[in-house]
Amino acid sequence: MEYHFREIENKWQAFWAANKTFRAEDSSSKPKYYVLDMFPYPSGAGLHVGHPLGYIASDIVARYKRHKGFNVLHPMGYDSFGLPAEQYAIQTGQHPAITTEQNINRYREQLDKIGFSFDWEREVRTSDPNYYKWTQWIFIQIFNSWYNNTSNKTEKIDSLISEFEKNGNSKVNAVCDDNVKHFSASEWKAFSEKQKSDALMAYRIAYLGEAYVNWCPALGTVLANDEVKDGVSERGGHPVERKLMKQWSMRITAYAQRLLEGLDTLDWTESLKESQRHWIGRSEGTSLRFSLIPNPSPKEKGTARQKWQTADPAIYALLKNYARENRQPLTESEDTLWQALRNRQLEFKFRRQHPIGTYIADFICLEKNLIIEVDGEIHSKQKEKDEERTKVLNELGFDVIRFTNAEVSKSLDTVKAVIKKKLGDSPPLLRRGAGGEAGSQTHIEVFTTRPDTIFGVSFVTLAPEHELVAQLTTPEQKAIVEDYVTKAKNRSERERQTDVTKVTGVPTGSYVEHPFTGKLIPIWVGDYVLAGYGTGAVMAVPAHDERDHKFAKHFGLPLPQVIVPTKEHDLDKEAWGEKEGKLINSDFLNGLEVKDAIKKAIAEIEKKNIGKGKINFRLRDAVFGRQRYWGEPIPIYYKNDIPYALSENELPLVLPEVDKYLPTEDGEPPLARANNWKYKNEFAYEHSTMPGWAGSSWYFLRYMDAKNNGQFAGKQFMDYWKNVDLYIGGSEHATGHLLYVRFWTKALKDLGYINIEEPAQKLINQGMIQGRSNKIYKCSGMFKQDDDHDGNQEIFHFPEVFISKEIYDEISKQEQNSRQKNEPSELDKKLLGFQNVVNAKLKSAKPNFKNTFIIQNNTYAGYYQINVDVNIVSNDILDANKFRQWRPEYKDAFLFPSDENFRCADEVEKMSKSKWNVVSPDEMCEKFGADTLRLYEMFLGPLEQSKPWNTNGITGVSGFLKKLWRLYIGTISEDAPTKAELKTLHATIKKITEDIERFSFNTSVSNFMICVNELTDLKCNKRSVLEPLIILISPYAPHITEELWSILGHKQSIAFEKFPEFNPAFLVEDNFNYPVSFNGKMRFNIELPTTLSPAEIEKIVLEHENSQKYLEGKTPKKVIVVPKKIVNIVV
RNA sequence: GCCUCUGUGGUGGAAUUGGUAGACACGCAGGACUUAAAAUCCUGUGGCCUUAACAGCUGUGCGGGUUCAAGUCCCGCCGGAGGUACCA
């Protein structure tokens, strides 16, 4: 009876499906074990051999745990919302749901062929309304939550509202927007609906806020930070720019500390945890305020005025009264314009009759420094006056637009459009407060991790986007600062990131005061300071910070030293950035070690009330909205500009149909195209959709109760299954999915829905499987055309000529040695012979073919490499027949030296269609069977390691299964096993158990081979040995073992058979073959009874005849005997 | 630059706590079976030197160290892979 894997595998796959063998029980007396694979995005390309690597490993663990008596949850599903299906839809018009469905079916087919023990009844698809209903529901819970820093928990928004009603927001200790305005309880109660909504929005964990986002014009959507790599989108590689946008975001920053601390409790790889730690980026430091010194005259310190105090103080009172008087009797056109401007109708606040310098402006927008004047009748004198007035106002930093009465009354819309455009054009910060005035700010706040270096500050640097830049710039510096800021802002993110060696910056002309010495410190603007981190301003200590050092050297700024380096160091060349050394030139810090100096400095800073110890995180809030179609609709509608969440019974908010999957003409997301898609037919829904990570942030919970229509999952099931015991997936999700899923888990826990703090206890990253390409060399320009050209070339295409790797190597070697001999080399002779063969064949096959093939210039430059399909190559030897069928133009191809043993070159590259190196698991299943594929993928090497796919060793694994099969075919003996047989079996049980427990699957396969080799040598046919053996193998090769199990006469599946127990008694040896070494060098073996004492062993070994030879008559200095290990003699 | 991982025959890799380096498999070489091929089986296979044979020397990226004993531990370098970055 032969091993026909195809029949066997089909039979058992059908059996498992029909009997629902791998259905997980919802409650059980058995202990639970949850093995989860990171679910795949069903792409059009189908699975390649890299995908199943992790699935096979998890399947082995799942099957092993079933043998070990666990109730195992091992589900699979699809992350089926996403960009590729939508991009395909844009190109073809095909609905992404259809593409997705097709791709899923293909995935399922491929997965089924490999024989995974998934519980398919629990399959989830994130694009299924029954699933995303609950994604939307969780979004609403998070929307209706805030983060209470006092309880360090997510809390329902109600508790915040009742606090507002009682005390306003002044006592609230929450994670919220920067610069929230304070309000009292009574103010809260007096708030309009809109004001209340806005106030709460600053606290919600899912919130709508304005922020700089990663905008990708090519994809037409914003992206989260982890979706952007090197300034381009991770998917598609399109450029990404920074853009200020109103966006749904998630306040993941609230969880930064918990996300960081939680890592210590997890059994994940160090590199993964390290990635997350770095992404969270906690740094402990100090905030520190530097007092501003108003410019140009430092004497006026303390007279800094508010931003709206724009009038000349000398005549302010007068002007004010005058303005008041003027306010009532507005001309008709002035009134018309006022009605159009007031209440932020153009998004910005306007004031009327506002004193500026010595004037009173008609209308003014202080935020934009824009003045609108409405003029009466124009006569020349007035015109002159107006021009004078405009000039003065311009000098004060205001733009002035003038309209006539007629313009306002007749074409108000045009007037409004002009104003609106101007408001949009003028950058809000640039022109503010020209003249170096500090405005309302009295200080610059910096963040530093090195407060000990405070006496080494030689300048302060602001990010170009810093809000004080414009105000602090003196008139003399205005032009150059504005220019710099504009350039810095327009520099793309990519440029800024890649061009880090370039030092740029400009001085503002203003100064701050050193908090301890009172010295003046210049303020610079430099783009090495990031607006988004800390306060967007740094105190520069060039002697002890590398970046500051570079900047200072570039601009010739001083490098005051405050720390004595602990080793030789040239401070002029390089900064001493180590946290080591003694403080000098630092007043009260002198003589302290850095660590103590930091503590002391913080204490002094806090005492002086100019700053305090502070912790900063690099982690940013996660942008949640996507301006795309194929994702979960965000369950929000807008009524009077106020966002409201849908109620639970209105879910799911189903993704509507649209005519095109493109943005609308005015740039709205595709969902804006949906016809009559309105809440209660009246209110607009949110038009952006959720990002890919929404659905994957909780799918591990849904598997516990996948069909529940009343809840996202039943509490009793979540309490039973708790968290994932083993999660296997790629490391590419380190800072995306794996961080977000931890965030949602913590939020859901705080809100009382689940009882676990972390989603997955143990996580393994499977390594990537790279492609191994095969290449051959094509000759170019090898046919010499006959002079008697008769146009036959059109009838006969030139046969292609290829050379093997060996010949190519020979030719290139010869080329390098630059042949000088006149005699033809061996290679030349070979080539010449080949030339004749080709021409002879050509003549007989195609008599009309007039061209001759010649090898005139056998240099390697005449050849170029082409990729051949790896599927027509085995062990690097090209299958000549398949090659000729591969492409029509190769039909008559010549292979040199010969069709047999034509060796291809190889290279390890990314697996891709264009390299012809993609290997799909289907073909491997077809050729060798699923069991061989499973064993071979494991046999390749450690699971976590990346490795190139090559099938060179697969025959070994396939041979092993055949050998295993042969062991079971024939008479099975019921006799008692021999000692040797038992020893082999139990040694294997021991190793396999240990291997699986430490996820070392490659060694398991080797151990099976050793075991089967030994049992074959022993001609073992004992049931008592063979039965336990196939249970051991069954997690790895489930089909063949099921078949053998039934051949052995069992009617039940092998899947739940008890895993064999290791019995050490069978491994006890009477003798041990001691290696005897002299001075650590192994010389000979000696077999001794294990019962001997070390002293006896020493005696026997020393007396052994071989020992005499190595002792050379000397007495050994020392003899080490380690029982059952080694004997070492020191001479 | 920093962080994590990693470096062992022609190749994939093994050596779990310091204790016989190279298990297992591929490839290669030789042989058996066969008209032939495939399949299968057997033998050999780190390098060097030498031999009839035994044996000897050397050997886990490089240089040191600890130890009776180092692929494994420590120090200093070099190479490869991945992650990450003006993060103050």
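Note on naming: letters A, B, ... go to the chains in the order of the sequence lines (proteins, then strands), and numbering restarts at 1 for each one. We use all heavy atoms of the structure for the numbers below, so side chains are in, but hydrogens, waters and symmetry mates are not.
- Comparing Val538(A) and Asn1073(A), the nucleotide of RNA chain B nearest to each residue sits closer to the 5' end for Asn1073(A).
- Taking the six-membered ring where the residue is Trp, the centroids of Phe459(A) and Phe555(A) are separated by 6.0 Å or more.
- Scanning residues 998-1009 of chain A for heavy-atom distances under 4.0 Å to RNA chain B yields Arg998(A), Asn1002(A), Thr1003(A), Ser1006(A), Met1009(A).
- Note: Phe1084(A) and Phe1078(A) have tilted aromatic rings, judged against thresholds of 30 and 60 degrees for the angle between ring planes.
- Although no hydrogens or angles enter the test, the distance criterion places no donor-acceptor pair under 3.5 Å between the side chain of Tyr3(A) and the main chain of Leu964(A).
- Base engagement by Phe939(A) is indicated by at least one non-hydrogen atom pair under 4.0 Å involving a base atom.
- Taking the C1' atom of each, rC54(B) and rG65(B) are spaced 37 Å apart, rounded to whole Å.
- Nearest heavy-atom pair, Tyr64(A) versus Thr993(A), reported as atom, atom and distance to 0.1 Å: OH-CG2, 3.5 Å.
- Within the 4.0 angstrom heavy-atom criterion, no nucleotide atom of any strand lies near Arg620(A).
- Counting all heavy atoms, side chain and backbone alike, His986(A) lies closest to Phe1062(A) at O-CD1, 3.3 Å.
- Set against rC3(B), rU40(B), rC86(B), the side chain of Glu274(A) has rC3(B) as its closest nucleotide.
- Separation of the C1' atoms belonging to rU51(B) and rC57(B) is 15 Å when rounded to the nearest angstrom.
- Atoms CZ (Phe1084(A)) and C1' (rC54(B)) sit 15 Å apart, rounded to a whole Å.
- Side-chain proximity of Arg966(A) to the nucleotides rU40(B), rC24(B), rU84(B) is greatest for rU40(B).
- Mapping Pro942(A) and Thr448(A) onto RNA chain B by nearest heavy atom places Pro942(A) closer to the 5' end of the strand.
- Counting all heavy atoms, side chain and backbone alike, Leu961(A) lies closest to Ala1037(A) at CD2-CB, 4.3 Å.
- Look at Glu1014(A) and Lys983(A) and you find no salt bridge, because none of the NZ, NE, NH1 or NH2 atoms lies under 4.0 Å from a carboxylate O.
- In the interface, the side chain of Glu994(A) is paired with the base of rU16(B) through a donor and an acceptor atom under 3.5 Å apart.
- Across all their heavy atoms, Val49(A) and Ile769(A) have their closest contact at O-CD1, 4.0 Å.
- Taken to the nearest 0.5 Å, the CD1 atom of Ile954(A) stands 8.5 Å off from the CD atom of Glu937(A).
- Of the candidate nucleotides rG83(B), rU40(B), rG19(B), rG83(B) has the atom nearest to the side chain of Ser275(A).
- Counting only distance, with no hydrogens or angles, the side chain of Lys273(A) and the backbone of Leu263(A) share a donor-acceptor pair below 3.5 Å.
- For the P atom pair drawn from rG9(B) and rA23(B), the interatomic distance equals 13 Å after rounding to whole Å.
- Atom NE2 in His466(A) sits roughly 13 Å away from atom C1' in rA88(B) (whole-Å rounding).
- Within 6.0 Å of CD in Gln257(A) there are more than 12 heavy atoms belonging to other residues, nucleotides or ligands.
- The residue Glu944(A) sits apart from the nucleic acid: no heavy atom pair falls under 4.0 Å.
- Here the C1' atom of nucleotide rG19(B) and the CD1 atom of Ile1097(A) are 14 Å apart, to the nearest Å.
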Given Watson-Crick and G-U pairs under 3.5 Å, RNA chain B in dot-bracket ([ ] crossing, | other strand) is (((((((..(((......[....)))((((((.......))))))(((.......)))..(((((..]....))))))))))))....
Could you run down the sub-3.5 Å N/O contacts of the protein with nucleotides 66-68 of chain B?
residue	atom	partner	partner atom	Å
rC68(B)	O2'	Asn1128(A)	ND2	3.0
rC68(B)	O2	Asn1128(A)	ND2	2.8

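- Across every non-hydrogen atom of Pro464(A) and Gly526(A), the tightest pair is CD-O, 3.5 Å.
- Rounded to a whole angstrom, the distance from the P atom of rA21(B) to that of rG1(B) is 38 Å.
- Residue Arg282(A) is classed as having no contact, given no heavy-atom separation below 4.0 Å to the nucleic acid.
- Within the structure, every side-chain polar atom (N or O) of Gln945(A) is placed at least 4.0 Å from both OP1 and OP2 of rG12(B).
- The side chain of Phe447(A) has rA88(B) as its nearest neighbour among rC41(B), rA88(B), rU16(B).
- Nucleotide rG64(B) carries an anti base; the chi torsion (O4'-C1'-N9-C4 or O4'-C1'-N1-C2) is more than 90° from 0.
- The side chain of Thr955(A) approaches rG27(B) more closely than any other nucleotide in the set rU4(B), rG27(B), rA88(B).
- Here, rG47(B) and rU60(B) have their C1' atoms 13 Å apart, quoted to the whole Å.
- Nucleic acid contact for Lys1081(A): sugar-phosphate only, since backbone atoms but no base atoms lie under 4.0 Å from a heavy atom of the residue.
- Whole-Å rounding puts the Leu935(A) CG to rG13(B) P distance at 17 Å.
- Of the possible donor and acceptor atoms, one in the side chain of Arg618(A) sits under 3.5 Å from a partner among the backbone N and O of His278(A).
- Taking atom P in both rC75(B) and rC5(B), one finds a spacing of 14 Å when rounded to whole Å.
- The pair Arg277(A)-Glu274(A) meets the salt-bridge criterion, with a side-chain N (NZ, NE, NH1 or NH2) lying under 4.0 Å from an Asp/Glu carboxylate O.
- To the nearest angstrom, C1' of rA21(B) lies 12 Å from CD1 of Ile1126(A).
- Using a 4.0 Å heavy-atom criterion, one finds that Asn1013(A) contacts the sugar-phosphate atoms exclusively.
- Taking every side-chain heavy atom of Arg1083(A) into account, rC57(B) is the closest of rC57(B), rC26(B), rG13(B).
- In this entry the distance linking NZ of Lys962(A) with P of rA39(B) reads 8 Å, nearest Å.
- When the P atom is compared between rC87(B) and rG18(B), the two are found 40 Å apart, to the nearest whole Å.
- Atom CE of Met539(A) is separated from atom P of rA88(B) by 13 Å (rounded to the nearest Å).
- Protein atom NZ of Lys1125(A) is 11 Å distant from nucleotide atom P of rU17(B), rounded to whole Å.
- Atom name P, nucleotides rC77(B) and rC3(B): the rounded distance is 12 Å, in whole Å.
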